Amino acid sequence: MNKVDFLRKMYPKGTRVELHYMDDPQAPPSGTKGTVMFVDDIGQIHVKWENGSSLALNVKLDSFSRI
């Protein structure tokens, strides 16, 4: 199983996540929760955040957890 397939299995559509840290000036605040929309072909996890943002998570750079 490759990395993208693994991430798609771990974070299917509808999975709830909580952001701890994202190195982006437009990042939602730490503690923001969201719902996974999909994992793209390069392994970014696209999330609809509760604050209205839709920034994708980078599993190598961002800190987050499943809830």
Side-chain angles (χ1 to χ4, degrees):
M1 178 180 301
N2 68 33
K3 172 188 149 188
V4 173
D5 289 337
F6 175 78
L7 289 171
R8 286 179 175 149
K9 189 171 193 163
M10 289 291 300
Y11 299 97
K13 182 178 181 175
T15 301
R16 298 282 294 155
V17 293
E18 181 175 348
L19 181 65
H20 302 294
Y21 174 78
M22 183 185 284
D23 187 18
D24 188 304
Q26 297 178 350
S30 178
T32 302
K33 295 174 177 72
T35 304
V36 173
M37 296 184 294
F38 65 95
V39 176
D40 67 21
D41 291 340
I42 62 170
Q44 294 184 108
I45 302 170
H46 292 258
V47 178
K48 182 174 182 181
W49 298 102
E50 289 179 347
N51 72 342
S53 174
S54 60
L55 286 176
L57 290 166
N58 180 319
V59 297
K60 292 183 180 180
L61 301 175
D62 302 327
S63 175
F64 63 99
S65 57
R66 288 174 50 149
I67 53 173

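One-based numbering along the sequence shown. What you are looking at is a predicted structure, and each value in this text was computed from that prediction instead of being measured.
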Can you check side chain to side chain contact (heavy atoms under 4.5 Å, CB included) on V39 and F6, steps first, answer last? CA-CA 10 Å; V39 176; F6 175 78; over 6 Å; no
Rounded to the nearest 0.5 Å, what separation is found between the CD atom of Q44 and the CG atom of L61? 9.5 Å
Is there a chain of hydrophobic side chains (I, L, V, M, F, W, Y, each step under 4.5 Å between heavy atoms) that links V59 to M10? yes
Taking all non-hydrogen atoms of both residues into account, name the closest pair between L7 and G43 and its distance. CD1-O, 3.3 Å
Is S30 reaching over with its side chain to a backbone N or O of H20, donor-acceptor style, under 3.5 angstrom? yes
Of the non-hydrogen atoms in D40 and V4, which two are nearest, and what is the gap between them? O-CG1, 3.6 Å
Worked check of side chain to side chain contact (heavy atoms under 4.5 Å, CB included) between F64 and I45: CA-CA 11 Å; F64 63 99; I45 302 170; 3.8 Å; yes
Spatial distance of atom CG (L19) from atom CD1 (I67) [nearest 0.5 Å]: 11.0 Å
Kindly indicate, with the supporting measurements, whether the criterion side chain to side chain contact (heavy atoms under 4.5 Å, CB included) is fulfilled by V36 and K13. CA-CA 5 Å; V36 173; K13 182 178 181 175; 5.6 Å; no
Side-chain heavy atoms nearer than 4.5 Å, only ILVMFWY residues, links allowed to pass through others: does that put M37 and V47 together? no
Where P29 and N51 come nearest, the two heavy atoms and their spacing: CD-ND2, 3.8 Å
Is there a side-chain contact between E50 and R16 in this structure, where contact means two heavy atoms from C-beta onward sitting under 4.5 Å apart? yes
How many angstroms lie between NZ in K3 and CD1 in I42, if you round to the nearest 0.5 Å? 8.0 Å
Would you say H46 and S54 make side-chain contact, with heavy atoms under 4.5 Å? no
For D41 against R8, the heavy-atom pair lying closest together: OD1-NH2, 2.7 Å
Is there a side chain to side chain contact (heavy atoms under 4.5 Å, CB included) between V17 and W49 once you walk through the steps? CA-CA 9 Å; V17 293; W49 298 102; 4.0 Å; yes
Say you draw a straight line from OG of S63 to CG of N58; how long is it, rounded to the nearest 0.5 Å? 12.0 Å
